[in-house]
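Working notes, beginning with the structure itself.
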Amino acid sequence: MKELPNKYDPKAIEERIYAAWEKEKLFHADNASGKKVYTIVIPPPNVTGALHMGHALNNSIQDILIRWKRMQGFETLWVPGTDHAGIATQNVVEKSIAKEGLKRDDLGREKFLEKVWQWKESYGSTIIKQLKKLGSSCDWDRTRFTMDEGLSKAVMEVFSRLYAENLLYKGDYIINWCPRCGTALSDEEAEHEEVNGALYHIKYQIKGSAGFEKYLEDYVVVATTRPETLLGDTAIAVNPKDERYAALNGKTAILPLVGRELKIIFDEDVDPLFGTGALKVTPAHDPVDFLLSIKHGLPRVNVMESDASINALGGKYAGLDRFECRKKILEDLETAGLLVEKKDHLHAVGHCYRCHTMVEPRLSKQWFVKMKPLAIEAARVVEDGTVKFYPSRWTKVYLNWMHNIKDWCISRQIWWGHRIPVWYCKDCLKYKNVRDVSVSGPKAEGIFLSTGGEKLEKCPRCGGKDIEQDPDVLDTWFSSWLWPFSTLGWPKKTKDLEVFYPTEALVTAQEIIFFWVARMIMAGLKFGKEAPFKDVYIHGTVRDSSGKKMSKSLGNVIDPLDIINDVGSDALRFSIISITSQGQDVFLSKDKFESGRNFANKIWNAARYVLLNVDEKTLKPDYDISSCTLPDKWIISSFHETVKRVDSSLAEYRFSEAAGHIYDFIWHKYCDWYLEISKLSDDKANTQNILVYILGGVLKLLHPIMPFITEEIWQSMPARPDRWIMKSAWPAADEKAIDRQALSNMENLMGVITAVRNARAFWNININTILEVEIKTDQPGLIFDNRKYIEKLARCTVVKAEPLVARPANSVSAIVDKLQVFIPIGKLVDINEEKARISKKIQELENYLTGIARKLSDENFVKRAPADIIEKERSKQGKFSEQLAALKDNLEAVLG
RNA sequence: GGGCGCGUAACUCAGCGGUUUAGAGUGCUUCCCUUACAAGGAAGAGGUCAGAGGUUCAAAUCCUCUCGCGCCCACCA
């Protein structure tokens with residue numbers, strides 16, 4: 001047993017403790033002993049990232065679950081790792097080489113990738129180190145990275161299988177294109193945001209008309225928000241039921257500024273109520289128009305380069321950026337008198353989730369996963385309860401997405417990532433640019449897979465050497481969706497996979513339900529044979545105090561490392577857990593961490609008191625209930641109640657509730673009452689026993705939330721059966737140890753003490769004056785046996801405790817449950833001095849009551865106000881009348 | 001256009017599978033440096049639970065509507 005320092009200093013504790021755990025290999029899981037298993041996998045943070053509050057919350061929760069289960073005797077595995085974050089990482093490295101004046105094309109693919117790997121080696125472990133500071137008890141020996149050999153194998157295997165099953169295809173579709181990143185994005189990667197745009201009404205001439213004299217004979221007006229795309233128009237569409245436009249049947253329009261002839265088509269999908277009811281059809285730059293082009297066999301004219309500048313098909317506008325082009329086209333339309341009007345128009349526009357550039361819907365050849373077949377199963381397991389969401393409201397969000405699933409665009413025009421393992425034989429295909437190849441099934445000729453992702457030399461069909469690999473890489477989520485089983489060795493049939501898959505719980509934020517959770521469930525069912533987890537706990541988003549998402553660009557971040565530096569990791573964890581109830585968003589400000597810091601300090605000091613006074617020679621490993629006092633029984637019962645509550649709160653993922661129970665027990669029961677009472681003990685040995693017993697118990701209860709301080713104190717505990725609290729046995733809630741009678745008796749006792757203290761404070765009686773109290777009670781024995789506590793803690797003597805007590809002269813009274821406490825104070829109070837104050841108080845109450853009475857006798861009010869308000873006024877009246885009566889009664893009694 | 005969340009004490013929030021007197025932290029008032037802790041202790045003030053209907057013996061809690069605030073999804077160009 002060693003002494004605890006006077007001052008609680010997290011900095012002196014946390015790093016040292018963590019290092020000790022690591023040294024003892026306490027995080028490692030192998031299940032050599034064949035215990036029950038509890039597995040969770042970390043939502044892999046972005047390898048370029050640094051720890052932010054979202055991570056802190058997310059990992060605190062996971063660590064609580066893991067530590068709790070570990071103490072409950074499970075073999076726990078928490079798999080850590082990072083994902084390669086294709087676009088984000090590539091952006092970071094591009095920025096870094098830009099400082100040397102280089103672009104990625106200057107280096108070439110191989111050299112550039114070398115740079116990225118170098119970057120990853122130097123900075124990629126930042127977040128891992130930070131997670132350790134938080135206290136996360138991951139099995140670091142198993143740290144995984146999505147571009148590791150093993151995980152890459154899994155990606156290739158999955159690609160091959162999907163390809164073989166005809167669940168992959170490559171073709172021309174409208175996708176979300178980020179002109180800045182120069183790549184396609186999935187639908188989920190385009191974040192819709194309201195933008196103040198404009199709706200332009202533009203005249204299109206009817207072929208054969210002389211000018212713009214008569215509407216619909218000479219011209220038609222269309223509405224658009226992106227006038228620059230008119231360069232790619234190939235038709236005009238109106239609704240067949242829209243009688244206004246019936247006359248257009250069979251006519252052709254002329255595209256302004258370009259002169260191309262546009263067929264006028266009729267389609268139900270056109271909304272007659274929007275704009276003019278006539279739609280310009282731009283199949284290469286709009287998803288709706290693209291579908292129209294399929295239905296009506298329209299040509300598709302893609303007028304943009306990959307940076308969203310206008311290409312050669314844009315004629316004289318070629319080379320202009322999309323927004324410059326918009327300006328120029330509007331000018332030209334204006335000049336030509338074709339711009340009818342411009343209306344302000346608020347609409348939702350997609351933005352790149354990595355760089356926030358406005359996304360351009362653009363026709364492009366990309367790889368897709370057919371999602372419907374995967375979604376059917378993934379929806380089923382949630383519908384039948386195999387996989388449960390906490391809180392349950394997310395079920396609906398998830399299912400809604402599953403039921404409206406669209407194919408997943410998985411190819412990205414970047415270099416950092418898993419390169420698509422498809423090779424093209426230029427001889428067989430007679431294609432120069434392999435990007436232009438469409439792939440619709442597994443048996444396409446001249447197209448072949450390298451199933452392990454390895455480099456191929458020649459075409460297996462014709463033996464030709466002019467072969468080329470698909471230049472694109474896969475979406476990062478195409479590797480992340482395999483995470484729960486790829487990290488355990490899949491596709492190899494490993495022992496780990498057998499033992500640890502499927503996992504128990506997934507803890508994550510709502511932002512990635514579609515990106516990650518939904519797709520993991522799909523992949524788990526498809527390749528892992530089972531849903532990858534049973535429970536999905538969705539926690540809230542960490543926001544600043546005004547409700548904005550924390551982000552570097554807004555400058556409103558609270559850095560968890562700063563907080564750890566200020567108050568310690570334990571305080572950070574406790575605070576953030578306390579204020580996060582059931583998946584509700586967290587509005588954070590720095591002062592929120594004070595409660596955690598204060599709590600840690602409180603525990604430290606309480607432990608110091610207990611350990612300072614303990615005599616190791618008389619200490620026993622357990623307590624003897626027969627030698628226990630009422631307060632002993634009370635604290636033991638109360639402790640077991642707390643264990644029960646904490647267990648059920650944790651089982652339901654109610655972390656803040658669990659934290660609250662522990663806080664309340666430690667602070668307001670153990671410290672405020674039991675520690676104070678322990679100072680009055682006659683049986684020091686027994687009291688110390690209980691003190692230490694309860695301290696050990698609460699340290700265990702608290703350990704999942706505050707791992708460092710509990711371990712540090714544990715290491716100072718005498719006679720602890722377990723070397724590490726981290727590996728110790730979780731307290732078992734024992735119903736038999738809960739003595740309800742003791743609980744209620746102690747409540748009464750505390751009530752009496754509070755009543756006496758209250759009277760002393762109210763009547764301004766000096767703290768050194770010993771009050772003489774008489775108690776009317778049915779349980780005189782209870783009071784007399786425990787009078788010591790009342791007398792010491794309330795500074796009084798209990799003169800009488802009997803079933804029938806006449807009210808002593810000059811005494812105030814207080815009711816506690818079924819007993820009544822009389823406190824004669826008349827002689828102690830300078831009544832003349834107090835009289836004015838009490839009279840004022842009485843006056844206040846009387847005024848208030850008169851107010852209520854006036855209100856209640858006011859006919860208007862009684863007629864007008866609803867019954868429950870009147871009822872409330874009445875009950876207020878009753879309550880205050882009672883108070884007034886008691887006060888008057890007491891005053892009178894004191895005056896004698 | 002659909003879906004979801006929130007509106008409770010001065011502030012930040014719990015409670016919302018109906019039941020004693022609606023809780024916590026912070027702040028505020030009074031007293032106390034009592035040898036674990038002033039980052040503390042004791043006592044206290046403070047609430048038409050957004051508004052309106054309804055169900056019920058009983059509603060902050062369940063249902064409907066209204067008003068504010070926030071988020072997510074969606075091809076109205």
Side-chain angles (χ1 to χ4, degrees), chain A residues 4 6-8 174 187-188 191-192 199-200 222-226 229 237 269-282 285-292 345 347-348 361 391 393-394 396-397 400-401 404 510-511 513-514 540-541 543 545 547-549 567 571 575 578-589 591-592 594-613 654 656-657 660 663-664 668 671-672 675-676 678-679 753-754 757-762 764-768 793-795 865-866 868-873 875-876 879:
Chain A
L4 291 173
N6 285 345
K7 277 256 179 259
Y8 165 60
I174 292 276
D187 292 337
E188 288 69 33
E191 294 177 338
H192 286 262
L199 193 60
Y200 302 94
V222 301
T224 180
T225 54
R226 293 186 295 152
T229 62
D269 284 350
V270 180
D271 179 0
L273 299 176
F274 188 88
T276 62
L279 168 70
K280 69 191 244 339
V281 183
T282 321
H285 294 282
D286 186 278
V288 180
D289 298 4
F290 177 75
L291 293 177
L292 288 174
H345 183 63
H347 59 149
R393 66 185 128 95
W394 296 111
K396 207 167 160 184
V397 175
N400 186 46
W401 188 79
N404 296 294
Q510 73 159 71
E511 288 91 343
I513 291 179
F514 307 137
T541 305
R543 300 173 184 282
S545 50
K548 289 193 203 71
K549 225 183 208 176
V567 299
S575 302
S578 302
I579 60 177
T580 316
S581 70
Q582 271 275 297
Q584 218 52 262
D585 285 357
V586 192
F587 290 54
L588 207 61
S589 56
D591 56 342
K592 296 258 162 86
E594 276 171 25
S595 64
R597 177 200 60 175
N598 293 355
F599 186 43
N601 191 52
K602 187 78 180 176
I603 296 158
W604 185 263
N605 284 304
R608 213 156 54 81
Y609 165 77
V610 171
L611 298 181
L612 219 57
N613 290 299
R654 293 170 174 267
S656 63
E657 204 178 80
Y663 179 93
D664 182 63
H668 297 307
C671 292
D672 284 354
L675 245 53
E676 292 310 316
S678 77
K679 294 172 186 171
I753 292 165
T754 302
R757 284 170 171 173
N758 179 352
R760 183 191 297 279
F762 186 83
N764 282 334
I765 296 168
N766 189 287
I767 190 75
N768 294 316
L793 295 176
R795 299 189 67 83
D868 62 324
I869 290 182
I870 295 176
E871 196 42 52
K872 257 176 195 158
E873 289 293 325
S875 81
K876 247 190 205 170
K879 189 174 143 195

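Heavy atoms only: backbone and side chains are in, while hydrogens, waters and symmetry mates are out. Chain naming here is simple, since letters A, B, ... match the order of the sequence lines and numbering starts at 1 in each.
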Legend entry - Proximal nucleotide (of B/A43, B/C71, B/C37) relative to the A/K602 side chain: B/C37

Inset, instruction - Report the residues that fulfil salt bridge (Lys or Arg N to Asp or Glu O under 4.0 Å) with A/E188, sequence neighbours left out, ordered by chain and then residue number. - result: A/R519

When you compare the protein's N or O atoms with those of nucleotides 75-77 of chain B, which come within less than 3.5 Å of each other, and at what distance?
residue, atom, partner, partner atom, Å
B/C75, OP1, A/K406, NZ, 3.1
B/C76, O2, A/D271, OD2, 2.4
B/C76, N3, A/D271, OD2, 3.2
B/A77, OP2, A/H345, NE2, 3.2
B/A77, N6, A/D271, O, 2.9
B/A77, N6, A/F274, O, 3.4
B/A77, N1, A/D271, N, 3.3

Inset, instruction - Look at the side chain of A/R760 and the backbone N and O of A/N766, then say whether any donor-acceptor pair between them is shorter than 3.5 Å. - result: yes

Inset, instruction - Verify side-chain contact (heavy atoms from CB on, under 4.5 Å) between A/R543 and A/L588, making sure each step is shown before the conclusion. - result: CA-CA 6 Å; A/R543 300 173 184 282; A/L588 207 61; over 6 Å; no

Using the 3.5 Å cut-off, write out each protein N or O paired with an N or O of nucleotides 20-25 of chain B and the distance between them.
residue, atom, partner, partner atom, Å
B/G25, OP1, A/H668, NE2, 3.2

Legend entry - Between A/E657 and A/S581: side-chain donor-acceptor atoms closer than 3.5 Å: no

Inset, instruction - Sticking with atom P, work out how far B/G40 lies from B/G46, rounded to a whole angstrom. - result: 25 Å

Inset, instruction - For A/D585 and A/G540, indicate whether the former's side chain and the latter's backbone hold a donor-acceptor pair under 3.5 Å. - result: no

Inset, instruction - Between B/C73, B/A36, B/G41, spot the one nearest the side chain of A/F514, thanks. - result: B/C73

Legend entry - Distance, rounded to the nearest Å, where A/E191 contributes CD and B/C72 contributes P: 8 Å

Legend entry - Rounded C1' spacing from B/U26 to B/U64 in Å: 38 Å

Inset, instruction - Compare every heavy atom of A/V222 with every heavy atom of A/L279, then report the nearest pair and how far apart it is. - result: C-CG1, 4.3 Å

Inset, instruction - May I ask you to verify if any side-chain N or O of A/K679 is less than 4.0 angstrom from the OP1 or OP2 atom of B/U34? - result: no

Inset, instruction - Could you state the atom-to-atom distance from CG of A/N601 to P of B/G41 in whole Å? - result: 10 Å

Legend entry - Derivation and outcome, side-chain contact (heavy atoms from CB on, under 4.5 Å), residues A/I174 and A/L291: CA-CA 9 Å; A/I174 292 276; A/L291 293 177; over 6 Å; no

Inset, instruction - Identify all stems in which RNA chain B takes part, counting only runs of at least 3 consecutive pairs (Watson-Crick or G-U wobble, each distance under 3.5 Å), and give each as one range with another, ordered by first number. - result: B:1-7 with B:67-73, B:10-13 with B:23-26, B:28-32 with B:40-44, B:50-54 with B:62-66

Inset, instruction - Figure out the CG/C1' separation between A/N768 and B/A42, and round it to whole Å. - result: 14 Å

Inset, instruction - May I ask you to say what A/T541 touches in the nucleic acid, namely base, sugar-phosphate or nothing, with a heavy-atom cut-off under 4.0 Å? - result: nothing

Inset, instruction - May I ask you to check whether A/H345 and A/F274 place their ring centers less than 6.0 Å from one another? - result: yes

Inset, instruction - Return yes if a side-chain donor-acceptor contact under 3.5 Å exists between A/H668 and A/D672, otherwise no. - result: yes

Legend entry - Test item: side-chain donor near acceptor, A/Y609 and A/S678, under 3.5 Å: yes

Inset, instruction - Any chance you could lay out the side-chain contact (heavy atoms from CB on, under 4.5 Å) test for A/K396 and A/N400, step after step, and finish with the verdict? - result: CA-CA 6 Å; A/K396 207 167 160 184; A/N400 186 46; 5.8 Å; no

Inset, instruction - Assign each of A/A606 and A/T754 to its nearest nucleotide of RNA chain B by heavy atoms, then name whichever residue's nucleotide is nearer the 5' end. - result: A/A606

Legend entry - Pairwise C1' distance, B/A9 and B/C28 [rounded to whole Å]: 12 Å

Legend entry - Whole angstrom value for the distance that separates P of B/A42 from CZ of A/R760: 15 Å

Inset, instruction - Using the C1' atom as the reference point in each nucleotide, state the distance between B/A50 and B/C32 in Å, no decimals. - result: 42 Å

Inset, instruction - Select base, sugar-phosphate, or nothing to describe what A/R597 touches, counting heavy atoms under 4.0 Å on all strands. - result: base

Legend entry - P-based separation of B/U8 from B/A14 [nearest Å]: 10 Å

Inset, instruction - Determine the interatomic distance between C1' on B/U56 and the same-named atom on B/G41; round to the nearest Å. - result: 46 Å

Legend entry - Proximity to the side chain of A/C671 - top-ranked nucleotide from B/C37, B/A36, B/C71: B/A36

Legend entry - Short side-chain N/O contact to B/G2 OP1/OP2 from A/N400, under 4.0 Å: no

Legend entry - Separation of B/C72 P from A/E188 CD (nearest whole Å): 14 Å

Inset, instruction - Take the protein atom CZ of A/F762 and the nucleotide atom C1' of B/U30, then report the distance between them rounded to whole Å. - result: 12 Å

Inset, instruction - Pick base, sugar-phosphate or nothing for A/N404, based on heavy-atom distances below 4.0 Å to the nucleic acid. - result: nothing

Do any side-chain atoms of residues 596-604 of chain A form donor-acceptor pairs under 3.5 angstrom with protein atoms, and if so which ones, sequence neighbours left out?
residue, atom, partner, partner atom, Å
A/W604, NE1, A/P5, O, 2.9

Inset, instruction - Give the rounded distance in Å between these two atoms: CD of A/E676 and P of B/U35. - result: 11 Å

Inset, instruction - Classify the nucleic acid contact of A/N758 as base, sugar-phosphate or nothing, counting any heavy atom under 4.0 Å across all strands shown. - result: sugar-phosphate

Legend entry - Check: A/K592 side chain, A/F587 main-chain N or O, donor-acceptor pair, under 3.5 Å: yes

Inset, instruction - Check for a donor-acceptor pair, side chain of A/R654 on one end and backbone N or O of A/Q582 on the other, with a separation under 3.5 Å. - result: no

With the criterion being N/O to N/O and under 3.5 Å, what pairs connect the protein with nucleotides 4-14 of chain B, and how long is each?
residue, atom, partner, partner atom, Å
B/C4, OP1, A/K396, NZ, 2.8
B/G5, O2', A/Q584, OE1, 2.8
B/U12, O2', A/K592, NZ, 2.8
B/A14, OP1, A/S581, OG, 3.2
B/A14, O5', A/S581, OG, 3.3

Inset, instruction - To the nearest Å, give me how far apart OH (A/Y8) and C1' (B/C37) are. - result: 14 Å

Inset, instruction - State, with a plain yes or no, whether a side-chain heavy atom of A/H285 is found less than 4.5 Å away from one of A/D289. - result: no

Legend entry - Heavy-atom pair with the smallest gap, counting every atom of A/W394 and A/I513: CE3-CD1, 3.6 Å

Inset, instruction - For B/A58 versus B/U21, give the span between their P atoms, rounded off to a whole number of Å. - result: 15 Å

Inset, instruction - Write down the distance separating the C1' atoms in B/G51 and B/C69, rounded off to the nearest Å. - result: 15 Å

